[in-house]
> 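Here it is, the structure in full.
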Number of protein chains: 2
Amino acid sequence: MATPTPITSALDRAGYRLTAPRQALAALIADQDGHFTAAGLVAAARSRRLGVGRATVFRTLEVLEAIGAIERLDLPGGEHAYVGCKPAHHHHVVCSRCGRTSEIRDADLQRVVRHVARQTGYRVDEHRLELFGLCPACLAGDARPKARKS
Amino acid sequence: MATPTPITSALDRAGYRLTAPRQALAALIADQDGHFTAAGLVAAARSRRLGVGRATVFRTLEVLEAIGAIERLDLPGGEHAYVGCKPAHHHHVVCSRCGRTSEIRDADLQRVVRHVARQTGYRVDEHRLELFGLCPACLAGDARPKARKS
DNA sequence: AGGATATTGAGACTCTGTCTCATTCGTGCT
DNA sequence: AGCACGAATGAGACAGAGTCTCAATATCCT
């Protein structure tokens, strides 16, 4: 029923069609608190009988990443995950216990990039920073943070 | 033939046996200039008739990563690759054209990590920084850098 | 409403990586 | 040197992620 989410409007804005599978996936993604995986979405779609095929999930994730509505990240174990995010460049901290993620605005990384460029002679075009640790809620001894979407 | 490489001695030091397959793989890895992939090693081992099975390649990579002789990195496309490296904590710049990698010593990243911790309230335990760009040789218009291991 | 076109689901397919298991190899002990 | 035990190995089965094809369908524009 076209519950509008940041994702659906981003799709619309980028000139993609607002189909039922995409809306269903957008809703599933909007429900996610921390990061989520392609396999997880496939499973969720199947268990809720959304009639969304595996191929569509992967294609949609590809589109969403292309328009910057989600970002792909590589977990330490080598798994791939995604997080919904805003279009500006940024990075994520991932809680290793509960999976929640937080965005980092700028993080003063430009100086690091410049430093590296100077040190190695490379022209650095792209970078990726991923941080892992414990979120405030888990730190406080509360293994299952209560806030869902704030 | 036991051509000794940093990798073979690291294996030895860590109490692992210096078997023929491991020496062969160590030699293959020592030949790599930039990063290399598991699949690439498997193919190289097969094409050179080293008699090293796929399982052994993966097991050896696992061991080498465990003892810190190589490091696993995640390329932008989602592929996994490895680079030979020294045990100290560090990061890599990967040349997007020729695949060569360079190590970055410290990169002043601690301040960034502290900054993030302060900003988000997370306790940051682990981080990963990967940079991509053009190496000096490729920048100079020389698509095929000549230096091998310096 | 109608047509061009983007999108879809199903399933085959490829590729990476893991696991099992019988066999071989290396090492320490006698 | 001979032996016994455990580590390491190769082959191949297996599992899971992700891609691709193709015919069918839904969507948007006019």
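What you see below is based on every heavy atom in this structure, not just the backbone, and it leaves out hydrogens, waters and symmetry mates. Protein chains get the first letters and strands the later ones, always in sequence-line order, with residue 1 at the start of each. These figures come from a predicted structure and were not determined experimentally.
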> R22(B) has a side chain; which of dA8(D), dG10(D), dT21(D) sits nearest to it?
dA8(D)

> For the side chain of F58(B), starting at C-beta, report the closest nucleotide among dC20(D), dT16(C), dT8(C).
dT16(C)

> Remember a base hit wins even if backbone is also touched, and classify L18(B) as base, sugar-phosphate or nothing at under 4.0 Å, heavy atoms.
nothing

> Find the distance R59(A):CZ to dC22(D):P and express it as a whole number of Å.
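My rounded result for the distance is 14 Å.
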
> How close or far is atom P of dA26(D) from atom CG of L11(A), stated in whole angstroms?
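The answer, rounded to whole Å, is 19 Å.
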
> Base, sugar-phosphate or nothing for A39(B)? Non-hydrogen atoms, less than 4.0 Å.
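Sugar-phosphate, no base atom in range.
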
> Report the distance from atom CG of L41(B) to atom P of dT16(C), rounded to the nearest whole Å.
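These atoms are roughly 12 Å apart.
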
> Side-chain N or O of H80(B) versus OP1/OP2 of dT16(C): is the shortest distance under 4.0 Å?
no

> Return the value, rounded to whole Å, for the distance between atom CD of Q23(A) and atom P of dC28(D).
9 Å

> Atom CD of E79(A) to atom P of dT16(C): distance rounded to whole Å?
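So the two atoms are 18 Å apart, to the nearest Å.
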
> Kindly say whether V116(A) contributes a backbone atom to a donor-acceptor pair with the side chain of T120(A) at under 3.5 angstrom?
yes

> If you only use heavy atoms from C-beta on, which nucleotide in dT7(C), dA11(D), dC20(D) is closest to the side chain of A55(A)?
dC20(D)

> So what does A20(B) hit on the nucleic acid, given a heavy-atom distance under 4.0 Å: a base, only sugar-phosphate, or nothing?
nothing

> Atom CG in L129(B), atom CG in L129(A): separation rounded to 0.5 Å?
5.5 Å

> Side chain of R17(A), heavy atoms from C-beta onward: which of dG18(D), dA26(D), dG17(C) has the nearest atom to it?
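Among dG18(D), dA26(D), dG17(C), the one nearest the side chain of R17(A) is dA26(D).
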
> Rounding to an integer number of Å, can you tell me how far E62(A) CD sits from dG18(D) P?
12 Å

> Check this one for me: any side-chain N or O of T19(B) less than 4.0 Å away from OP1 or OP2 of dT9(D)?
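For dT9(D), OP1/OP2 do have a side-chain N/O of T19(B) under 4.0 Å.
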
> Please report the interatomic distance CZ(R118(A)) to NE2(H115(A)), rounded to the nearest 0.5 Å.
6.5 Å

> Can you measure F36(B) atom CZ to dT16(C) atom P for me and round it to whole angstrom units?
15 Å

> Check whether the side chains of S102(B) and Y122(A) place a donor and an acceptor atom closer than 3.5 Å, and report yes or no.
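Checked: S102(B)/Y122(A) side chains pair up, N/O donor to acceptor below 3.5 Å.
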
> Which of parallel (below 30°), tilted (30 to 60°) and perpendicular (above 60°) describes H127(A) and H91(A)?
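Geometry flag for H91(A) against H127(A): tilted rings.
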
> When the nearest nucleotide of DNA chain D is assigned to R54(B) and to Y16(B) on a heavy-atom basis, which residue is associated with the more 5' position?
Y16(B)

